[in-house]
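First up is the structure itself, then whatever we jot down about it.
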Amino acid sequence: MKVTERWHSERMGRDISLVRWGHYGVPVLLFPTAGGDAEEVERHHLVGTLAPMIEAGRIKVYSCDSAAGQALQRNEGSPEHRMWLFNQYHQAIAEEVVPAIHADSSPQSVVLAGASIGAFNSFAMICRYPHLFSAAICMSGTYHVEQFIGGDTTEDWYFASPLQFLPGLEGPALEMLRHRYVVLASGSGRWEDVGESWAAADALGRKGIPNRVDDWGDRYDHDWPTWWEMLPLYLDDLVP
């Protein structure tokens, strides 16, 4: 049920891997956390929680390396370089990863999901490319990522961060985004900040984009067991 591809992305100047679990169903692109590779979600048993949906042919799960997040975690280069890489990473997802998913499945909308920085990437991708994605499940998200990058905001970061570009978004892209759906789920336990989800929801709500904030309470920490419970629940609601 597992297939791995790897190629060199000229946009980013580095290799990227894409892993698939399953044979049939709605494609789900699952982003790793900040420093994760494409198999992180399997090692931490998140893919295992989706096994009933995978085996029933409801979903095919894909995951790719967190290239920009890895650079952030390593403090690679200057802040401007790291902002550039986030912008390039999002372009690589849209122009390289999604076409690979379509070639493997069919040219249908993809559901996005991720936790922590993976939630930020899910949020950014549906807002930037609503023609490619139908919904985003953003778990325990950090959406003011610039606080970890440092430096002054650049043009690259404007395009990479929805909190930057959503206020000025107009036209066909906004109209399409108003037919998409964003789930912003968070615990209130250790290392969580549900205020990040409310900030993202405010940016979406001001533009009339459907979204929902779920606070799971203080028993849920910023950790894998929280996401084991969240992701199957939300996917079960979203996928036929």
Taking all non-hydrogen atoms of both residues, which atom of [X] and which atom of [Y] are closest, and how far apart?
X	Y	answer
Ala94	Val98	O-CB, 3.8 Å
Cys138	Val182	SG-CG1, 4.0 Å
Trp21	Ala38	CH2-O, 3.5 Å
Thr142	Gln147	CG2-NE2, 4.1 Å
Thr33	Ala115	CG2-O, 3.8 Å
Thr226	Asp221	OG1-O, 2.6 Å

Could you state the interatomic distance from [atom1] ([X]) to [atom2] ([Y]), rounded to the nearest 0.5 Å?
X	Y	atom1	atom2	value
His144	Ile149	NE2	CD1	12.5 Å
Leu169	Arg128	CG	CZ	11.5 Å
Leu184	Asp202	CG	CG	11.5 Å
Ser197	Asp215	OG	CG	8.5 Å
Met83	Leu72	CE	CG	10.0 Å
Thr154	Gln164	OG1	CD	9.0 Å

Between Trp7 and Ile16, is there a side-chain heavy-atom distance shorter than 4.5 Å?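 Yes, close enough: below the 4.5 Å cut-off.
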*asked:* Are the side chains of Cys127 and Leu204 in contact, using a 4.5 Å heavy-atom criterion?
replied: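 The answer is yes, as the side chains (C-beta and beyond) meet within the 4.5 Å cut-off.
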Let me check something: do [X] and [Y] share a hydrophobic cluster, defined by ILVMFWY side-chain heavy atoms less than 4.5 Å apart, either directly or through other members?
X	Y	answer
Phe31	Phe133	yes
Leu166	Val145	yes
Leu235	Val213	no
Phe123	Leu112	yes
Phe120	Leu163	yes

Query raised in the report: What residues, two or more places apart in sequence or in another chain, satisfy salt bridge (charged side-chain N to carboxylate O under 4.0 Å, His left out) together with Arg219?
Result: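 In terms of salt bridge (charged side-chain N to carboxylate O under 4.0 Å, His left out), with neighbours along the sequence ignored, Arg219 is linked to no residue.
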Give a yes or no on whether the backbone of [Y] and the side-chain of [X] come within a donor-acceptor separation of less than 3.5 Å.
X	Y	result
Ser66	Ala34	yes
Asp193	Gly195	yes
Gln70	Gly36	yes
Asp65	Ser17	yes
Gln88	Arg11	yes
Asp37	Glu39	yes
Arg14	Ser9	no
Arg180	Ile209	no

- Query: After noting the C-alpha distance and the side-chain angles of Arg20 and Ile101, does the key distance pass the side chain to side chain contact (heavy atoms under 4.5 Å, CB included) rule?
  - Reply: CA-CA 9 Å; Arg20 184 201 84 205; Ile101 291 173; over 6 Å; no
- [ ] Among residues two or more places apart or on two chains, list those pairs meeting salt bridge (Lys or Arg N to Asp or Glu O under 4.0 Å) that have a residue in residues 129-144.
- [x]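 Listed once each, the pairs would be none.
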Check your understanding: With sequence neighbours left out, which residue pairs that include part of residues 146-170 fulfil the salt bridge (Lys or Arg N to Asp or Glu O under 4.0 Å) condition?
Key ->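 Listed once each, the pairs are Glu170-Lys207.
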| message | Give me each pair satisfying ring pair (Phe, Tyr, Trp, His ring centres under 6.0 Å) with a member in residues 159-204, each pair once, sequence neighbours excluded. | response |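 For residues 159-204: none.
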Take Glu192 and Trp216, measure what side chain to side chain contact (heavy atoms under 4.5 Å, CB included) needs, and give me the verdict at the end.
CA-CA 11 Å; Glu192 289 279 57; Trp216 283 52; over 6 Å; no
For Ile93 and Asn121: C-alpha separation, side-chain torsions, deciding distance, then whether side chain to side chain contact (heavy atoms under 4.5 Å, CB included) applies.
CA-CA 10 Å; Ile93 298 299; Asn121 286 323; over 6 Å; no
Note to self: Enumerate the side-chain hydrogen bond (donor to acceptor under 3.5 Å, both in side chains) contacts for residues 105-116, please, sequence neighbours excluded, ordered by first and then second residue.
What the structure shows: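 Sorted result for residues 105-116: Lys60-Ser105, Tyr62-Ser105, Ser106-Gln108, Ser116-His222.
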Side-chain donor-acceptor distances from residues 44-51 under 3.5 Å, at least two apart:
from: His44; atom 1: ND1; to: Trp224; atom 2: NE1; distance (Å): 3.2
from: Thr49; atom 1: OG1; to: Leu46; atom 2: O; distance (Å): 2.7

Would Asp214 and Tyr234 count as a side-chain hydrogen bond (donor to acceptor under 3.5 Å, both in side chains) here? Give the steps. CA-CA 11 Å; Asp214 284 346; Tyr234 292 118; 2.6 Å; yes
Item to complete: Indicate yes or no: does Glu40 engage Arg43 in a salt bridge with an N to O separation below 4.0 Å.
Response: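 No, no charged N to carboxylate O under 4.0 Å.
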- Stepwise side chain to side chain contact (heavy atoms under 4.5 Å, CB included) test for Ile137 and Ser122: CA-CA 7 Å; Ile137 302 168; Ser122 300; over 6 Å; no
Worksheet item: Does any donor atom in the side chain of Ser140 or Trp227 lie under 3.5 Å from an acceptor atom in the other side chain?
Response: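 Yes, Trp227 and Ser140 have a side-chain donor paired with an acceptor closer than 3.5 Å.
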